[in-house]
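Here the structure is a predicted model, which is why all the values come from computation and not from measurement. All ligand and atom numbering here is 1-based and tracks the order in the structure.
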Amino acid sequence: MGEAPALLVDDLQDGAHNGLELKNGICKATATVGDKTYVIGGADDGTLSIEVQIFDRNLGEWVRPTVRGTKPVSCKGLSAVALEDKILILKKGSKPDDQIWFLEVDTQYVRQQQEYLGTEVVAWSKGVVGNAEKPVVISGPSGVGKGTLIAMLMKEFPSMFGFSVSHTTRAPRGMEKDGVHYHFTEKSIMEKEIEEGKFLEFASVHGNLYGTSVEAVELVADAGKRCILDIDVQGARSVRASSLEAIFIFVCPPSMEELEKRLRDRGTETEEQILKRLRNAEAEIEQGKSSHIFDFILYNDKLVESYEKLKKLLGLDDFVTTTKSGHGEIDLPIDHSVSKIDNKIIINRISSGEKESKNLIILDVSSLKGGAPGRTRGLNFQAIGSFSNGLTEIEGLS
Ligand SMILES: Nc1nc2c(ncn2[C@@H]2O[C@H](COP(=O)(O)OP(=O)(O)O)[C@@H](O)[C@H]2O)c(=O)[nH]1
Ligand SMILES: Nc1ncnc2c1ncn2[C@@H]1O[C@H](COP(=O)(O)OP(=O)(O)O)[C@@H](O)[C@H]1O
């Protein structure tokens, strides 16, 4: 049995299942999903992270769960709304991009983690307003031209794409910079971080460990960019099975002879490494073509033509540069009440002194995408304001 938090069991049994509690400077919200009541909160000094405890009503016991994903930092107050398999958390007095969070309690990811760890698991993911384009996973054998094609894409569309910087235990090549091409790390450190759940996927490739950290993907999403992942077939399979919805592209060489020529001409590997990469290439190509992981196979024969094909796959062939529309920011009132009608969360400002502020915010949670341990996208909102001239303004943002 776990240690009881400040909120009393009696409070829960009296029916305070969904709502806000303030005790001794500690802000807590509670939400009930199934037989469990989740007590979510932290100190209001903006430094500590928000913690979770569970009261299992069947067992009559407190449980402290294993927490996956990045925890949100504490804030001035919380509201919690139970959805089917997750809890929507509204953080009061936080920055616009830090106000909406989800605590997953019974999603596929949480159930997988529960099975794997044999403990109660919850997982955080930050809510992102709007529908950022799906991330792009690019795989293919060493030397096929993945890096070259990605570099061309990033050069032509710098504000649209962001590269997910992987961790690796292999040594840097001459021109490679730590934190730009890879986060170069040590095996023991990376293994510890994998244990701690910091990686979305990882794999042993050509004798070294490679992995995509949750943070690497989050950083790109937070910059409002479309994430590109250069990962091997095993990694692509893991991502396919994860909550990250992506487009999967496998890059194939025109022939094994040409692949060998490119690898040798690149001149970055020893003879032994080249032979190992060529041996692995056959199996990778076999899996890439037959495994149903990939949505598209791109033959990289003539570079310029292949690049045009890649742009077409990503819907960029007749792309005209336009100014990026804003993400839309919610002005979440500190004092508010929250209710839920079907897939709509209604946030109502309590006693608004400001004449021209939005009194009602409607959050649509009907088409959420992605989820823990990264980001939950697809949140849409409408802000509705009443003005002193009697007009009502409706602002739809996504
Ligand atoms: N699973 C996984 N594979 C990765 C990751 N980063 C790179 N790789 C793959 O590791 C392999 C070797 O990469 P690298 O050492 O840069 O050599 P290169 O492919 O010859 O340029 C390639 O197939 C990459 O796609 C990662 O984060 N996860
Ligand atoms: N279509 C192509 N035709 C000829 N050479 C290519 C082509 N694409 C890439 N290359 C060259 O092949 C080498 C390997 O490309 P690289 O992008 O490093 O591969 P990867 O990232 O898949 O290991 C580089 O020297 C690159 O300039």
K.L.:
Return the set of residues passing ring pair (Phe, Tyr, Trp, His ring centres under 6.0 Å) with H183 (not counting sequence neighbours), or none when no residue passes.
P.N.:
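Result, ring pair (Phe, Tyr, Trp, His ring centres under 6.0 Å) vs H183: H167.
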K.L.:
Judging by distance only, is a nitrogen or oxygen of K146 under 3.5 angstrom from one on ligand 2?
P.N.:
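Checking ligand 2 against K146, an N or O pair does fall under 3.5 Å apart.
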K.L.:
Tell me whether K312 is salt-bridged to E308, with the criterion being a basic N under 4.0 Å from an acidic carboxylate O.
P.N.:
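Salt bridge absent between K312 and E308.
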K.L.:
Does S306 approach ligand 2 within less than 4.0 angstrom via side chain, backbone, both or neither, non-hydrogen atoms only?
P.N.:
neither
K.L.:
Need the ligand 2 atom indices (1-based, order shown) with element for anything under 4.0 Å from a heavy-atom of P141.
P.N.:
22 (O)
K.L.:
Using a strict 4.0 Å cut-off to heavy atoms of A203, name the atoms of ligand 1 that fall inside it.
P.N.:
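With A203 as reference, the close atoms of ligand 1 come out as 1 (N).
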K.L.:
Looking only at distances, please establish whether an N/O atom of ligand 1 is found under 3.5 Å from an N/O atom of E269.
P.N.:
no
K.L.:
Quickly, which of T168, D232, N280, I231 forms a side chain to side chain contact (heavy atoms under 4.5 Å, CB included) with V205? Name it, please.
P.N.:
D232
K.L.:
Distance to 0.1 Å, residue and atom name: give those for the protein heavy atom nearest to atom 18 (O) of ligand 2.
P.N.:
R266 NH1, 2.8 Å
K.L.:
Counting non-hydrogen protein atoms only, what is the nearest one to atom 12 (C) of ligand 1? Give residue, atom name and distance.
P.N.:
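That would be Y210 OH, 3.5 Å.
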K.L.:
Tell me, which protein residue and heavy-atom name are nearest atom 14 (C) of ligand 2, and how many Å apart are they?
P.N.:
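Ranking protein heavy atoms by distance from atom 14 (C) of ligand 2, first comes G143 O, 3.5 Å.
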K.L.:
Can you tell me which residue and heavy atom of the protein come closest to atom 13 (C) of ligand 2, and the distance to 0.1 Å?
P.N.:
R262 O, 3.9 Å
K.L.:
Run the numbers for me: atoms of ligand 2, each under 4.0 Å from some heavy atom of S142, listed by number.
P.N.:
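Answer, ordered by atom number: 23 (O).
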K.L.:
Is any N or O atom of N300, backbone or side chain, closer than 3.5 Å to an N or O atom of ligand 2?
P.N.:
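So ligand 2 has an N or O lying under 3.5 Å from an N or O of N300.
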K.L.:
Considering only heavy atoms from C-beta outward, does the side chain of D295 approach that of R240 to under 4.5 Å?
P.N.:
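Side chain of D295 against side chain of R240, heavy atoms only: contact under 4.5 Å found.
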K.L.:
Would you say G211 contacts ligand 1, with heavy atoms under 4.0 Å as the rule?
P.N.:
yes
K.L.:
Is any side-chain N of the basic residue among E120 and K36 closer than 4.0 Å to the acidic one's carboxylate O?
P.N.:
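Result for this pair is yes, salt bridge flagged.
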K.L.:
Any nitrogen or oxygen of T148, side chain or backbone, less than 3.5 Å from one on ligand 2?
P.N.:
yes
K.L.:
Checking contacts here: is it the side chain or the backbone of R266 that comes within 4.0 Å of ligand 1, counting heavy atoms only? Could be both or neither.
P.N.:
side chain
K.L.:
Write out the residue and atom name of the closest protein heavy atom to atom 19 (O) of ligand 2, then the distance separating them to 0.1 Å.
P.N.:
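The protein heavy atom lying closest is G145 N, 3.1 Å.
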K.L.:
Need the ligand 2 atom indices (1-based, order shown) with element for anything under 4.0 Å from a heavy-atom of L303.
P.N.:
1 (N), 2 (C), 8 (N)
K.L.:
Has ligand 1 got any nitrogen or oxygen that is less than 3.5 angstrom from a nitrogen or oxygen of D230?
P.N.:
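Indeed, backbone or side chain, D230 has an N or O that close.
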K.L.:
Would you say D232 has any N or O atom under 3.5 Å from an N or O of ligand 1, going by distance alone?
P.N.:
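Yes - when backbone and side-chain N and O of D232 are compared with those of ligand 1, one distance drops under 3.5 Å.
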K.L.:
Taking atom 17 (O) of ligand 1 as the point of reference, which of R277, H206, K146 owns the nearest heavy atom?
P.N.:
R277
K.L.:
Is it the side chain, the backbone, both or neither of V205 that has a heavy atom closer than 4.0 Å to ligand 1?
P.N.:
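Answer for V205: side chain.
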K.L.:
I need the contact type for R173 against ligand 1. Using non-hydrogen atoms and a strict under-4.0 Å cut-off, is it side chain, backbone, both or neither?
P.N.:
side chain
K.L.:
Decide whether E201 and T212 meet the rule of one side-chain donor and one side-chain acceptor closer than 3.5 Å.
P.N.:
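Result is yes, a qualifying pair exists.
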K.L.:
Salt bridge or not for E156 and K311, using N-O below 4.0 Å?
P.N.:
yes
K.L.:
Where's the contact between D301 and ligand 2, heavy-atom distance under 4.0 Å: side chain, backbone, both or neither?
P.N.:
backbone
K.L.:
What residue and atom, counting heavy atoms only, is the protein's closest point to atom 21 (O) of ligand 2, and at what distance?
P.N.:
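Nearest protein contact, heavy atoms only, for atom 21 (O) of ligand 2 is G147 N, 2.9 Å.
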K.L.:
Using a 4.0 Å heavy-atom threshold (strictly under), name the region of E201 that reaches ligand 1: side chain, backbone, both or neither.
P.N.:
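For E201, the contact with ligand 1 is made by the side chain alone.
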K.L.:
Using links of under 4.5 Å between side-chain heavy atoms of ILVMFWY residues, direct or through other members, which residues join F202 in one cluster?
P.N.:
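Same cluster as F202: M190, I194, F199, L209.
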